[in-house]
Every structure is written in structure tokens, then in C-alpha cells.
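A short worksheet on the structure shown next.
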Amino acid sequence: MSKFFLFALIWWLVGNPFLALIIVLVLLYMLDRRFIGLSPSLLKPYRRNRRLSRLKRELALAPHNAGNKLEAARLYIEKEKYAEALELLEQVSSVYDSADVVYEIGLCRLKLGQLEEGERLILQSLDMNARVKYGEPYLRLGETLAPVAPDRAIRYLEQFRQINSSSCEGSYRLGRIYDRLGSKDMAKRAYGDALLIYRGLPRYKRRAERRWAILSKWRQIF
């Protein structure tokens with residue numbers, strides 16, 4: 001109801017319903033980005049693409065620059081272009097023999113449907129450094145394997161929660177798996193854990209986790 005009155009007020013002020021609707025949507029987007037964080041950033045993809053274009057130009061001039069290749073690969077991962085990222089990561093894997101790069105190669109293979117090889121590489125990265133990226137490898141394994149191997153996915157998500165106890169996402173994703181398996185009580189418990197984690201977070205960390213807390217609350221109700 002408040003949105004309707006806001007729209008009516010702006011319509012009265014500007015005299016154009018279409019302009020008023022645009023203004024309302026912009027205001028709602030700004031409020032969400034400032035206080036909730038459910039909407040994606042409109043500027044981040046532009047900045048990422050601009051940086052990637054610059055890296056491509058630099059690589060055309062210096063094709064053996066491993067640092068630029070690694071940065072470009074990580075930008076491709078953010079864009080979910082895993083084939084392009086994998087090609088670059090494999091080119092620099094001998095230079096950057098680190099748990100992070102092994103994990104990123106495994107992630108690309110996992111996302112490209114090569115589940116067995118992707119899982120093997122990700123577990124290898126965890127053997128190299130049990131806390132690589134604060135447990136994110138366990139989270140991505142759980143997320144990807146949930147539809148095909150829910151038991152293993154649950155195990156990985158539980159390991160993620162042990163390492164990163166301040167993340168609501170792991171508990172939310174665990175709840176979603178239990179929902180699919182028909183374990184409603186376990187699902188509600190996982191969603192409750194996500195909300196409990198969120199309430200215990202300091203204010204500066206809540207914004208990053210708010211999306212998962214809201215989704216967990218929604219799942220608890222419906």
C-alpha cells in the first residue's frame with residue numbers, strides 16, 4: 001500500500017505515470033542495494049567487462065603474462081564463463097602451483113559437468129590447504145552435487161559450516177537439500193540455523209548475508 005501512495009505522490013509531482021514508475025523502481029532499487037542486497041549490482045558487470053577488455057588487449061601485446069591470465073580467468077569465473085576461465089587457468093597452473101588455482105580449475109570442471117574430475121581437483125586443493133578460500137570449495141561442491149548426490153552434498157555443506165561458521169548460505173543450501181529429500185524437520189532446523197547465525201553477526205557483516213537470511217525465513221514460512 002505504501003508503494004502505491006509513493007507512486008501516486010510521484011505521479012502527482014511529475015505529471016507522467018511512466019516517469020513516476022521509473023522513479024519508484026529506481027528508488028526501490030537504491031533502497032534494496034543500500035539496506036537489503038537482493039538486487040544485483042548494475043555497475044559491477046560493467047566494471048568487470050571493462051577490466052576484462054583491458055586485460056585482453058594487454059595479453060594481445062604480452063601473451064605470456066601469467067598474472068594477467070590469472071586475473072582474466074577469475075573474471076571469467078565471475079561471469080560464469082567456465083570454459084574460457086579453464087583454458088587460461090590451465091595455461092598458468094605450472095606458474096601458480098597453489099591451492100587456490102587448483103580449486104578454481106576444479107570449480108570450472110565441476111561447472112562444465114565434469115563432476116568426478118572437478119570433485120577430485122577440489123578435494124586436492126583442500127589437501128593442499130584445508131582452509132582455502134574460507135571453505136568455499138565445500139560450499140560449491142555441496143551446491144553442485146545436491147541434485148545428483150545429496151548425501152555427499154550434505155557432508156560437504158556440513159564441513160563448510162564447520163570452517164565458515166559466520167555464513168548463512170551453507171545452512172540455507174543444506175535446508176534446500178533436506179527439502180528435496182522430504183526431510184522437512186531437518187530443513188526447518190537448517191533454515192533456523194541460518195537465521196541464528198545472521199542474528200549473531202556484527203552489523204557490518206549482515207548485509208552480505210542478508211539475502212540468505214531472508215530466503216531462509218521465507219522457506220521457514222512457506
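What you see is a predicted model, and the numbers here were worked out from it, not measured in a lab.
- Side-chain contact check for Tyr178 versus Ile154: some heavy-atom pair is nearer than 4.5 Å.
- Listed here is the closest heavy atom pair of Leu139 and Gly170: CD1-CA, 4.0 Å.
- Residues passing the salt bridge (Lys or Arg N to Asp or Glu O under 4.0 Å) test with Glu117 are Arg120, sequence neighbours excluded.
- Residues forming a side chain to side chain contact (heavy atoms under 4.5 Å, CB included) with Leu43 (at least two apart in sequence, or on another chain): Ser41, Arg47.
- Using a 4.5 Å heavy-atom cutoff, the side chains of Ile197 and Ser165 are not in contact.
- A search for salt bridge (Lys or Arg N to Asp or Glu O under 4.0 Å) contacts involving Asp179 returns Arg176, Lys184, not counting sequence neighbours.
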Distance-only donor-acceptor pairs under 3.5 Å for side chains of residues 141-153, two or more places apart:
| from | atom 1 | to | atom 2 | distance (Å) |
| --- | --- | --- | --- | --- |
| Glu143 | OE1 | Arg140 | NH1 | 2.9 |
| Glu143 | OE2 | Arg173 | NH2 | 3.4 |
| Thr144 | OG1 | Arg140 | O | 2.9 |
| Arg152 | NE | Glu119 | OE2 | 3.1 |
| Arg152 | NH2 | Glu119 | OE1 | 2.9 |

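- Residues satisfying the salt bridge (Lys or Arg N to Asp or Glu O under 4.0 Å) test with Glu78, not counting sequence neighbours, are Arg48.
- In this structure Ser166 satisfies the side chain to side chain contact (heavy atoms under 4.5 Å, CB included) test together with Asn164, Leu201, Lys205, sequence neighbours excluded.
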Could you tabulate the donor-acceptor pairs under 3.5 Å formed by side-chain atoms of residues 214-222, not counting sequence neighbours?
| from | atom 1 | to | atom 2 | distance (Å) |
| --- | --- | --- | --- | --- |
| Ser216 | OG | Trp212 | O | 2.8 |

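- Under a 3.5 Å cut-off, the side chain of Glu209 and the backbone N or O of Cys168 do form a donor-acceptor pair.
- Listed by chain and number, the residues in a side chain to side chain contact (heavy atoms under 4.5 Å, CB included) with Ala190 are Leu174 (sequence neighbours excluded).
- With sequence neighbours left out, the side chain to side chain donor-acceptor pair (under 3.5 Å) criterion links Glu71 to Arg51.
- Across Cys108 and Ala85, no two heavy atoms sit closer than the pair SG-CB, 3.8 Å.
- With sequence neighbours excluded, no residue satisfies side chain to side chain donor-acceptor pair (under 3.5 Å) with Arg189.
- Salt bridge status for Arg74 with Glu104: present, with a side-chain N to carboxylate O gap under 4.0 Å.
- Residue pairs meeting the ring pair (Phe, Tyr, Trp, His ring centres under 6.0 Å) criterion with at least one partner in residues 77-117, sequence neighbours excluded, do not occur; the list is empty.
- The salt bridge (Lys or Arg N to Asp or Glu O under 4.0 Å) test applied to Arg131 returns no partner, not counting sequence neighbours.
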